[in-house]
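These notes concern the structure reproduced below.
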Amino acid sequence: MKNTILQPTELASDEQIEITLRPSTLPEFVGQPETKEMLLLALRAANQRKEPLDHVLLYGPPGLGKTTLAHIIAHELKGNLHLTAGPAITRAGDLASLLMNLESNDVIFIDEIHRINRAVEETLYSAMEEGRLDIILGKGPAARSVRIDLKPFTLVGATTKYGALTSPLRSRFGFVQKLNFYSPPEIQQILERSAKILKVEISQDAIISLATRSRGIPRIANRLLRRARDMAEVKFNNRITSESLLAIYKLLKIDELGLDQADREVLRLIITHHHGGPVGLSTIANTLSEDEETILDVYEPFLMASGLLARTKQGRVVTDKAYTHLGLSKK
């Protein structure tokens with residue numbers, strides 16, 4: 001069912017290309033104007049006071065720039081960036097090893113911070129709030145507490161599930177911002193910049209077309225640009241045009257709203273099997289042989305943002321716009 005091209009989560013093939021395309025300063029970063037303005041103010045104030053930046057929590061759907069902003073923060077603070085993920089920190093010792101290796105003004109980025117082990121999370125509290133670690137060495141009567149002072153650092157936490165964070169952890173972040181889907185003009189700016197870096201010849205009509213089908217997510221926009229470049233190099237004289245894009249859309253089964261076959265299957269299921277809804281999440285997932293997390297994180301956000309699906313207390317409901325788009329009528 002999955003089309004990885006339109007999947008907002010990072011793929012192995014994205015890693016190297018995202019490093020190439022990733023902006024290194026806030027002026028280069030397109031979109032998220034409120035977050036940029038607040039972050040720029042906080043960074044300038046921290047640098048003037050020669051203090052570490054308040055700990056930063058960024059939340060929102062995947063692919064919107066949380067990791068990129070962490071890189072920018074480290075660059076602006078003139079520190080090193082240390083990347084890890086919540087599930088990778090299983091013991092307090094893992095966390096201690098990371099934090100003790102930090103230098104002044106370093107930034108540690110914890111992706112999926114909502115999945116961090118609860119025992120580890122409690123160890124993190126004192127590190128964030130007081131700049132120290134309290135570690136228990138040994139077991140039983142021989143156990144002893146050791147306090148380790150840390151160098152000033154900034155923690156950047158990223159999550160797609162803000163509500164899954166515990167209240168004590170949320171309260172320790174001084175800078176909390178939600179990242180939103182990008183507008184088509186913002187995606188066009190990103191594509192223009194990426195095309196220049198990749199040295200891709202592309203028409204303005206093609207940029208507009210790609211932006212329309214990118215779901216408001218820069219990662220998907222850049223991924224589509226790369227696939228369009230492949231098609232242009234092989235069959236269309238190295239130039240991305242509206243004509244070459246029609247060929248790649250047909251191959252990937254992406255329609256004019258940016259829906260792929262999997263998205264349309266979700267909508268058709270609700271219409272044909274459940275008369276347009278309401279229908280529960282578990283029913284959709286079981287019928288499509290898909291896990292609930294994928295439905296929630298990959299398909300629903302875009303379908304709801306596009307006005308094709310609505311979530312009610314009784315379950316998911318397909319809108320009139322979805323019927324029109326699929327060419328189906330209500331029974």
Side-chain angles (χ1 to χ4, degrees), residues 26 35 37-60 66-179:
L26 276 176
T35 297
E37 185 176 355
M38 291 292 296
L39 194 53
L40 183 61
L41 180 65
L43 283 165
R44 285 179 176 173
N47 283 330
Q48 285 180 10
R49 293 194 298 265
K50 297 184 179 179
E51 295 177 356
L53 180 70
D54 280 347
H55 301 301
V56 178
L57 178 63
L58 303 171
Y59 69 99
K66 294 184 282 293
T67 306
T68 297
L69 284 172
H71 279 270
I72 290 173
I73 289 170
H75 179 269
E76 296 290 346
L77 293 175
K78 297 179 175 60
N80 297 311
L81 179 66
H82 304 261
L83 300 166
T84 187
I89 309 173
T90 58
R91 299 174 298 126
D94 298 331
L95 179 66
S97 178
L98 284 168
L99 295 177
M100 289 168 61
N101 286 321
L102 297 178
E103 298 294 332
S104 295
N105 292 327
D106 275 4
V107 175
I108 179 168
F109 176 72
I110 303 181
D111 199 10
E112 298 182 277
I113 196 170
H114 63 276
R115 296 178 59 189
I116 199 167
N117 183 285
R118 288 292 177 257
V120 176
E121 181 180 313
E122 292 179 5
T123 304
L124 190 58
Y125 295 160
S126 59
M128 294 175 68
E129 203 163 43
E130 302 169 24
R132 61 177 173 79
L133 280 174
D134 292 317
I135 300 177
I136 305 297
L137 298 179
K139 296 181 180 180
R144 58 192 179 91
S145 176
V146 176
R147 175 170 293 184
I148 302 171
D149 291 325
L150 301 171
K151 294 178 180 177
F153 73 97
T154 295
L155 170 64
V156 179
T159 179
T160 57
K161 300 182 186 303
Y162 180 74
L165 291 173
T166 63
S167 179
L169 182 57
R170 285 200 306 264
S171 68
R172 283 168 170 80
F173 287 97
F175 185 97
V176 180
Q177 286 289 315
K178 178 182 179 182
L179 301 190

Determine, using ring centers only, whether His71 and Phe109 are less than 6.0 Å apart. no

Determine, stepwise, if the pair Val156 / Ile108 fulfils side-chain contact (heavy atoms from CB on, under 4.5 Å). CA-CA 6 Å; Val156 179; Ile108 179 168; over 6 Å; no

Among residues at least two apart in sequence or on other chains, which ones pass salt bridge (Lys or Arg N to Asp or Glu O under 4.0 Å) with Lys161? Glu293, Asp297

Please tell me if the side chains of Asp54 and Thr154 come closer than 4.5 Å, counting only heavy atoms from C-beta onward. no

Could you go through His75 and Leu81, starting from their C-alpha distance and side-chain angles, then the distance that decides it, and tell me whether this counts as side-chain contact (heavy atoms from CB on, under 4.5 Å)? CA-CA 8 Å; His75 179 269; Leu81 179 66; over 6 Å; no

Could you check Thr166, Thr159, Thr160 and say which one makes a side chain to side chain donor-acceptor pair (under 3.5 Å) with His114? Thr159

Enumerate the residue pairs fulfilling side chain to side chain donor-acceptor pair (under 3.5 Å) with a member in residues 91-101, sequence neighbours excluded, ordered by first and then second residue. Thr90-Asp94, Arg91-Asp94

Using only atom types and a distance under 3.5 Å, with no angle test, would you say the side chain of His55 pairs donor to acceptor with the backbone of Leu155? yes

So, using salt bridge (Lys or Arg N to Asp or Glu O under 4.0 Å) as the criterion, who are the partners of Glu130 when residues are at least two apart? Arg132

Any chance you could measure Thr84, atom OG1, to Ile89, atom CD1, to the nearest 0.5 Å? 4.0 Å

If you round to the nearest 0.5 Å, how far is CD of Gln48 from CG of Leu43? 11.5 Å

Are any side-chain N or O atoms of Ser126 and backbone N or O atoms of Leu133, one a donor and one an acceptor, separated by less than 3.5 Å? no

With a 4.5 Å heavy-atom cut-off, do Ile148 and Met100 have their side chains touching? yes

How long is the span from the CD1 atom in Ile110 to the CD1 atom in Ile116, to the nearest 0.5 Å? 4.5 Å

Heavy-atom neighbours of His82 NE2 exceed 12 at 6.0 Å: yes

Which residue pairs pass the ring-ring contact (aromatic ring centres under 6.0 Å, His included) test when at least one of the two sits in residues 155-179, sequence neighbours left out? Tyr59-Tyr162

When rounded to the nearest 0.5 Å, the distance separating OG1 of Thr123 from CG of Leu99 is 9.5 Å

Any idea which heavy atoms bring Ile113 and Gly157 closest together, and the distance? CD1-CA, 4.1 Å

Within the 4.5 Å heavy-atom criterion, are Pro52 and Phe153 side-chain neighbours or not? no

Value rounded to 0.5 Å, distance of OG in Ser104 from CG in Leu150: 10.5 Å

Show your reasoning for whether side-chain contact (heavy atoms from CB on, under 4.5 Å) applies to Leu69 and Thr67. CA-CA 5 Å; Leu69 284 172; Thr67 306; over 6 Å; no

What distance do Leu58 atom CG and Thr35 atom OG1 have between them, rounded to the nearest 0.5 Å? 7.0 Å

Kindly write out the residues that satisfy salt bridge (Lys or Arg N to Asp or Glu O under 4.0 Å) with Glu76, not counting sequence neighbours, or none if the list is empty. none

Quick one, Leu57 and Leu165 - any side-chain contact, counting heavy atoms below 4.5 Å? yes

Could you go through Leu26 and Leu39, starting from their C-alpha distance and side-chain angles, then the distance that decides it, and tell me whether this counts as side-chain contact (heavy atoms from CB on, under 4.5 Å)? CA-CA 9 Å; Leu26 276 176; Leu39 194 53; 4.2 Å; yes

Are the side chains of Leu179 and Lys66 in contact, using a 4.5 Å heavy-atom criterion? yes

Do you know which two heavy atoms are closest between Leu102 and Leu98, and how far apart they sit? CG-O, 3.5 Å

According to salt bridge (Lys or Arg N to Asp or Glu O under 4.0 Å), who are the partners of Arg115, at least two apart in sequence or on a separate chain? Glu112

